[in-house]
Amino acid sequence: MSMRSIPVSDGIDWVGAIDWNLRDFHGYETPRGTTYNAYLVRGENMTALVDTVKTQFVEELLSRISDIMDPADIDLIVVNHIEPDHNSGLRAVMAAMPNARVVASAGGVRGIVEYHDGLVVDAVGAADVIDLGGKTLRFMPMPMVHWPDSMFTYVAESKTLLPNDAFGQHMACAERFADEVGMDLSLHELAEYYANILMPIGKQVAKAVEKVVESGWELEVVAPSHGVIWRGEAIGQVIEAYGRMTASETRDKIVVAYSTMWGSTDILARAIADGVAAEGTEVVLYDMAVSLISQVTLDLMDSRALLLGSPTLHHGMLFRIAGYLQYLSGVKPPGKIAGTFGSYGWSSGATKQMDGRLLEIGFEMPHDSFTQKYKPSAEELQAAREWGAQFAKTVKERT
Ligand code: FEO
């Protein structure tokens, strides 16, 4: 018995793997799991497998291919991207396809040598066309979207783009198309993926989209390597969503994120959020001890300010806040303001540390931090509300 393959477009079938239980993707949470998509492109003379899967999912990939054909009859393996979620299974896949030639971008060829103990494969680039017989493969190297080796593959006869990570989302589901699981959920997951992986390279992503649009390639299907596939009208919505995200569009919205020891910073955070909301500004509040950084970062992406709170422990901030600041230094949300707050016992220090890190990351800090000793009094809570409200006003002034 084989696991099922799923038709994607004329001559192209999905044969990937569903990682239902993945909850950590290289350090950030994936509450809905993910998929590692791979596609069979069948011409009259040759069959190509575009992308492979993570090592532990090779059997699933081979089983889905067997739903259509004997994997041993595959002629070509295209490696769009060498990151291990797509390519750690390459050696095992090649063992099941002994006659297959393997191609990758020039950067991919160099990476495969190192990842796979000296394995040498062929390079393809923008000038190459591989004719499978009535189906042709064209390639568009996309260096740094998001690795040096990244590449898109296009099948003109099926009007299908296989862009690997671009346009992907971490979402495990039995359905393969965005319109089947619903566009709202699909676009939400697209945004969460973008916020956590692509935000720091927004300019390159914008150029990549421009390059595809300028190529004149007709698109009826865009089939990424994670999550659901976009077809028909969904493609325009996805390109529009990428346009908004790469332009760093924001709303009148503030994120309050904090960690607390004995509840004082928690009470302050709630008062601050209330002060923001009272000004008519959208606010979301996250206790970092119980929140997913992937969701906080998604909310931060279209916000104009981050208000970060920590009490002082051993003269500094709590480790969850330090950890999140380290995460933010990687994803680099552009063009935002920040403020810091927190309670302390006998010596302060957390807000100073947080201020330093936020400035380093590139946040603008227009207002002084808000600190308070031990348990906040009614007056101090009112001051915290006002402190939150001033950020809401600042954000409005800059809209
Ligand atoms: Fe899905 Fe960059 O790997």
Side-chain angles (χ1 to χ4, degrees), residues 14-39 49-58 60-61 77-93 102 104-112 114-116 139-153 161-173 176 178 186 189-205 207-209 212 222-230 238 242 245-246 294 297-298 327 330-332:
W14 175 83
V15 289
I18 306 175
D19 196 348
W20 294 95
N21 296 313
L22 186 83
R23 292 294 178 269
D24 182 311
F25 185 85
H26 65 41
Y28 81 91
E29 310 91 346
T30 47
R32 293 184 200 275
T34 195
T35 67
Y36 312 110
N37 296 336
Y39 300 95
L49 172 67
V50 179
D51 287 317
T52 62
V53 294
K54 216 171 174 179
T55 308
Q56 55 267 50
F57 290 92
V58 168
E60 184 172 333
L61 170 79
I77 300 169
V78 178
V79 177
N80 271 331
H81 182 29
I82 63 168
E83 193 163 7
D85 51 334
H86 307 290
N87 196 241
S88 57
L90 180 63
R91 284 273 195 187
V93 172
V102 182
S105 69
V109 170
R110 289 191 291 275
I112 287 170
E114 295 189 40
Y115 261 126
H116 297 286
F139 309 99
M140 192 180 275
M142 283 291 179
M144 298 323 291
V145 177
H146 67 130
W147 274 28
D149 58 279
S150 297
M151 179 170 86
F152 293 2
T153 296
L161 181 67
L162 307 171
N164 197 268
D165 281 335
F167 307 108
Q169 343 84 48
H170 284 312
M171 177 163 52
C173 51
R176 291 276 59 82
S186 302
E189 290 300 327
L190 179 90
E192 189 158 322
Y193 185 100
Y194 182 93
N196 286 280
I197 292 197
L198 301 177
M199 189 154 59
I201 54 159
K203 285 194 177 78
Q204 290 98 303
V205 176
K207 275 190 196 137
V209 174
V212 170
V222 173
S225 58
H226 294 291
V228 290
I229 297 164
W230 313 96
V238 166
Y242 259 39
M245 294 188 289
T246 56
S294 53
T297 307
L298 171 62
Y327 191 75
V331 295
K332 294 185 179 64

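For this chain, numbers begin at 1 and follow the sequence in order. Note that ligands are numbered from 1 as they come in the structure, with each ligand's atoms numbered from 1 the same way.
Y115 is linked by a ring pair (Phe, Tyr, Trp, His ring centres under 6.0 Å) to nothing, counting only residues two or more places apart in sequence or in another chain. Residues that satisfy the side-chain contact (heavy atoms from CB on, under 4.5 Å) test with S105, not counting sequence neighbours, are D149, M151.
The two atoms that bring A191 and M245 nearest to each other are CA-SD, 3.7 Å, heavy atoms only.
No side-chain donor-acceptor contact under 3.5 Å links Y242 to the backbone of V205. In this structure, N80 contributes its side chain and L162 its backbone to a donor-acceptor pair below 3.5 Å.
Residue pairs that meet the salt bridge (charged side-chain N to carboxylate O under 4.0 Å, His left out) test with at least one member in residues 17-39, sequence neighbours left out, are D19-K54, R32-E189.
Only protein atoms were considered; those of element N, O or S under 2.8 Å from atom 1 (Fe) of ligand 1 number 4.
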